[in-house]
Trainee: 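Encoded as structure tokens, here's the structure I'll be asking about.
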Amino acid sequence: MSVLIYTENAGGKFKKSIFEAVCYARAVADQSNTTLTALSIGNVNTDELSALAKYGADKILTVTNSQLKNFINQAYASVIAEAAKKEGAAIVVLSNSFSGRGLAPRISVKLDAGVVDGAVALPEQNGGRFTVKKTAFSGKAFAIVELTSAVKVIALTPNSYKVVEVAKPAKIEEFSVDIKASDLKTILKEIVRSSDKVSLPDADIVVSGGRGLKGPENWEMIEELAGVLGAATACSKPVSDAGWRPHSEHVGQTGIAISPNLYIAIGISGAIQHLAGISSSKVIVAINKDPEAPIFKVADYGIVGDAFEVVPKLIAAIKEHKA
Ligand code: FAD
């Protein structure tokens, strides 16, 4: 038995969330005193593949089939399941990214495996029971899930596990697999990027604005703060409902749930439905002119003040610090 980690790439590069998942999978393998195989699909150069060893992979399988150049849920799930069978993997780990969320259940069906998505901690194995802690109800609660199947699939929430370098060499092997026509019913022909901004679900730092910003014309300073911090931008629901920002930026119970290392809430009151999507952030900073705003109850750091005065000063201070 071994552990398999699927390492998705973005344009031939691995994101930090993938290295986190490799470190997590390494620790899972160590719990069972077994080996860790990393699987990469698509064109990734040898230097980038070798980085997977730095985070704990013992062996790296690479699949460069031209039919898999672009992401296809069904076909990728089949390849990952085939690799798991070839490696005798009892546990398959992947990142709970946008594509990971689509892949995990498909892989579990192919391997007759139990699946836990949104894992936030290492599995606990007591008295033959295998349990994993995961987020539930859009981050408002945690659930402990027991997996009773022989093969298990775990999708790890980004930013929930520390990256630790172990620096060891690993073999890189080509893995060739026949892609069935039934897995190619939907083919992604082209990805057209709509912006070069940091993607919100994977972001380390998120700068988020609420109704306190008064209107879309005031988002320039939010964009600028995000720019100097290398952050993604987000917003509260009323902001996207009003069309000030796109719905893809709406976080919360009815939007997306995120868990960045740093969440900066500006002019956001901190309604329960908003907190549902951001409460697993590592550090929350709130800027609000109302000292009684509920957001301060969950914030690690709070600035009571007018966003239109505080944010420009913050931008200037960060620029000065970076100079
Ligand atoms: P407000 O509550 O209006 O807060 C604005 C804040 O800005 C205030 O605290 C104010 O003190 C501060 N402010 C004003 N001027 C300034 C200034 N110059 N400088 C600094 N601070 C200032 N909301 C979500 O966000 N996400 C969801 O997913 C979501 N889902 C929902 C689902 C349901 C079923 C329901 C009923 C509601 C949902 N909501 C959601 C809405 C939620 O209840 C709140 O209404 C919303 O989060 C409030 O948005 P806000 O904080 O931007 O605005």
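For ligands, and for the atoms within them, numbers begin at 1 and follow the listed sequence. Counting from 1, the numbers follow the sequence of the chain as shown.
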Trainee: Do Ser78 and Lys110 get their side chains close enough for a donor-acceptor pair, meaning under 3.5 Å?
Mentor: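 Looking only at side-chain atoms, Lys110 and Ser78 do form a donor-acceptor pair, the distance falling under 3.5 Å.
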Trainee: Numbering the atoms of ligand 1 from 1, which are under 4.0 Å from a heavy atom of Ala271?
Mentor: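 Answer, ordered by atom number: 42 (C), 43 (O), 44 (C), 47 (O).
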Trainee: Parallel, tilted or perpendicular, judged at 30° and 60°: which one describes the rings of Tyr263 and His274?
Mentor: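 Ring orientation of Tyr263 relative to His274: tilted.
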Trainee: Heavy-atom distance to atom 1 (P) of ligand 1: which of Gly267, Ala307, Gly305, Ser269 wins?
Mentor: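 Minimum heavy-atom distance to atom 1 (P) of ligand 1 goes to Ser269.
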Trainee: Pick whichever of Gln273, Lys214, Arg211 has a heavy atom sitting closest to atom 32 (C) of ligand 1.
Mentor: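 When every heavy atom of Gln273, Lys214, Arg211 is considered, Gln273 comes closest to atom 32 (C) of ligand 1.
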Trainee: Please name the residue in the list Pro260, Ser259, Pro201 that meets the side chain to side chain contact (heavy atoms under 4.5 Å, CB included) test with Val206.
Mentor: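 Of the listed residues Pro260, Ser259, Pro201, the side chain to side chain contact (heavy atoms under 4.5 Å, CB included) partner of Val206 is Pro260.
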Trainee: Does ligand 1 have any atom sitting under 4.0 Å from a heavy atom of Ile268?
Mentor: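 Flag set, Ile268 near ligand 1.
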Trainee: Is there a nitrogen or oxygen of Ala293 sitting under 3.5 Å from a nitrogen or oxygen of ligand 1?
Mentor: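 No, Ala293 has no N/O under 3.5 Å of an N/O on ligand 1.
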Trainee: Is the charged tip of Lys152 near the ring of Phe130: under 6.0 Å from the six-membered ring centre and within 45° of its axis?
Mentor: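 Yes, Lys152 and Phe130 form such a contact.
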Trainee: Select one of side chain, backbone, both or neither to describe which atoms of Pro238 lie under 4.0 Å from any atom of ligand 1, heavy atoms only.
Mentor: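 It is the side chain that gets close, since no backbone atom is under 4.0 Å.
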Trainee: Need the ligand 1 atom indices (1-based, order shown) with element for anything under 4.0 Å from a heavy-atom of Gln253.
Mentor: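 Counting from 1, the qualifying ligand atoms are 27 (C), 28 (O).
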Trainee: For atom 21 (N) of ligand 1, which candidate among Glu292, His274, Lys289, Glu309 provides the closest heavy atom?
Mentor: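 The option holding the nearest heavy atom is Lys289.
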Trainee: Can you name the atoms of ligand 1, numbered from 1 with element, that are less than 4.0 Å from a heavy atom of Phe308?
Mentor: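 Listed by number with element: 18 (N).
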Trainee: At less than 4.0 angstrom from any non-hydrogen atom of Val251, what atoms of ligand 1 do you find?
Mentor: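 Here the atoms of ligand 1 in question are 24 (C), 25 (O), 26 (N), 27 (C), 28 (O).
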